[in-house]
Number of protein chains: 2
Amino acid sequence: MPDDILSDIPQFAGLAGPERRVVAAETRLGSLAPGEALFVQGDPADRFFLLKDGRLKVTQVTAEGQSLIVRIVNPGEFFGFAPALQRESYPATCEAIVDSAALVWPRHRWEAVLSAAPSVTQSVVQAIGRKLDEAHTRLREMTTEEAAPRVAHLLLRLQVEAGDHATAAPDGGVELPYPLTRQDIADMSGSTLHTVSRIMASWEAQGVLGRGRRKVIIADPAALEKITATEE
Amino acid sequence: MPDDILSDIPQFAGLAGPERRVVAAETRLGSLAPGEALFVQGDPADRFFLLKDGRLKVTQVTAEGQSLIVRIVNPGEFFGFAPALQRESYPATCEAIVDSAALVWPRHRWEAVLSAAPSVTQSVVQAIGRKLDEAHTRLREMTTEEAAPRVAHLLLRLQVEAGDHATAAPDGGVELPYPLTRQDIADMSGSTLHTVSRIMASWEAQGVLGRGRRKVIIADPAALEKITATEE
DNA sequence: CGATTTTTTGATGAGTTTCAAATGATGTGG
DNA sequence: CCACATCATTTGAAACTCATCAAAAAATCG
């Protein structure tokens, strides 16, 4: 099969020749350097995507300039499917945090892709459902928990979402496979970089986290779990 | 057509006889008194629903007992579609706040209903998408805004969602067509009933809101809008 | 009219943001 | 290869918002 742009994509693994060609039609592979934006909040929603490699962050900015990181996109996930929801424009900005590569379809291929790969419908609906769940979970955390457990929850969630991509750190801990600043973590946990810095510094002192500039090393996941429950 | 359980449901208005019968198969109409729960967080997700009349509130409770109102269900909306997301159990509790009636399908009818009324797929995907949007919006508000603008945003959103059901109040304002306590509003805005009470009392004094026990009367929407933007 | 529910109001303190500044890392160009 | 600019993080102190505790007032219901 010439230029099989879909190889290595689990979602399309079971796809036979004809359907495969339908899905691949008008698809291209885009690549992004760290900091580059794939689309910006408010852009017309004329494409949808699947992340092949790398890591993206999806952010929303308020009218007052405060920003919130809505989520991190890991390889193998669909994203930017605003077209599927009949949206005119993207509700968020999507930018690479490491070198990344993504499959890009023009908006009008959405129906074609769905009917060629019906399992994709299921997969997209479930993906949205999970995102909704996660949003509700975060909503609950944000409003009922204090800063420390929120950050603990966040780090554990990021670790789970990174899945097997999370690289094992030397001392038995786990390191997130992409750089995150304290500011990023603050934007994800609804806090400020100052508060996050204080919290994480204290965890480093206790040996719960490893230290590193723009790195997150979870040395002792069990201790973090404990912090999510008990507040202190 | 005998016992046409689907009449008055916009979603199924354009449905012809045969499809209509498929959708109606095994459907029943449930009714609920205020305070009665349709399903409780953790229950097996064996049914899905469409609200015909009344008003429901969907709540989640944390391990520590704090509760959060996820949303209010208005007539004409699908809800409890956990089955569609392949969930085993409902992630929230759903209870009536006024006398309500809802269409109830057993879980296994989901696929049948979808294929008989394909537009429903679209409508459900969009509904979930909107909920996701709303969740993100609330997430942003919760984390970046202070209590007063959060409550203001909430009230305006409830007004919009209630749509034409919102009854016009005598003095030119709008009243939400269902009772809400300060505690409810606190649970929706991530605050406490004390804080909400203070905030709303001050708005009443300014003439932005009308007053009433378990009532929400928006006397001056424009003033509320202003509060959402400027904080003060 | 007494019991219950809902709302109001005051006082206090904890937790976070904000403001300010210093320290530590990283990379670059001369 | 070092000096310097930049970026990231840490830390301190003060201000402030909001949750909590406590209690009373107001509305509703039987």
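Below, chain A is the first sequence line, B the second, and so on; all start at residue 1.
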Residue-phosphate contact under 4.0 Å: [X] side-chain N/O, [N] OP1/OP2:
X      : N      : answer
B:T195 : D:dA19 : yes
B:S197 : C:dT8  : yes
B:R213 : C:dT7  : no
A:T192 : C:dT16 : no

Residue whose closest nucleotide on DNA chain C lies nearer the 5' end, B:L193 versus A:S191: B:L193
For the residue pair B:Y90 and B:F49, categorise the inter-ring angle as parallel (less than 30°), tilted (30 to 60°) or perpendicular (more than 60°). tilted
Can you label the angle between the B:W105 ring and the B:F48 ring as parallel, tilted or perpendicular, going by 30° and 60°? parallel
When the distance from [atom1] of [X] to [atom2] of [N] is rounded to whole Å, what number comes out?
X      : N      : atom1 : atom2 : value
A:L180 : D:dA8  : CG    : P     : 12 Å
B:M142 : D:dA19 : CE    : C1'   : 16 Å
B:E204 : D:dA26 : CD    : P     : 14 Å
A:Q183 : D:dT10 : CD    : C1'   : 14 Å
B:W203 : C:dT8  : CH2   : P     : 13 Å
A:D187 : D:dA8  : CG    : P     : 12 Å
A:I199 : C:dA14 : CD1   : C1'   : 14 Å
B:H194 : C:dA11 : NE2   : P     : 16 Å

From D:dT9, D:dC18, C:dT6, nucleotide with atom closest to B:R214 side chain: C:dT6
Among D:dT10, D:dT17, C:dT17, the one nearest B:E146 by side-chain distance: D:dT17
Tell me if the side-chain of A:R198 makes a donor-acceptor pair with the base of C:dG15, cut-off 3.5 Å, by modelled atom types. no
Short N-O contact, B:R138 and B:E145, less than 4.0 angstrom: no
Any carboxylate oxygen within less than 4.0 angstrom of a Lys/Arg side-chain nitrogen, looking at A:K57 and A:D187? no
For B:R71, the option from B:E161, B:E77, B:E134 that meets side chain to side chain donor-acceptor pair (under 3.5 Å): B:E77
Mapping A:T143 and A:R211 onto DNA chain D by nearest heavy atom, which one lands closer to the 5' end? A:R211
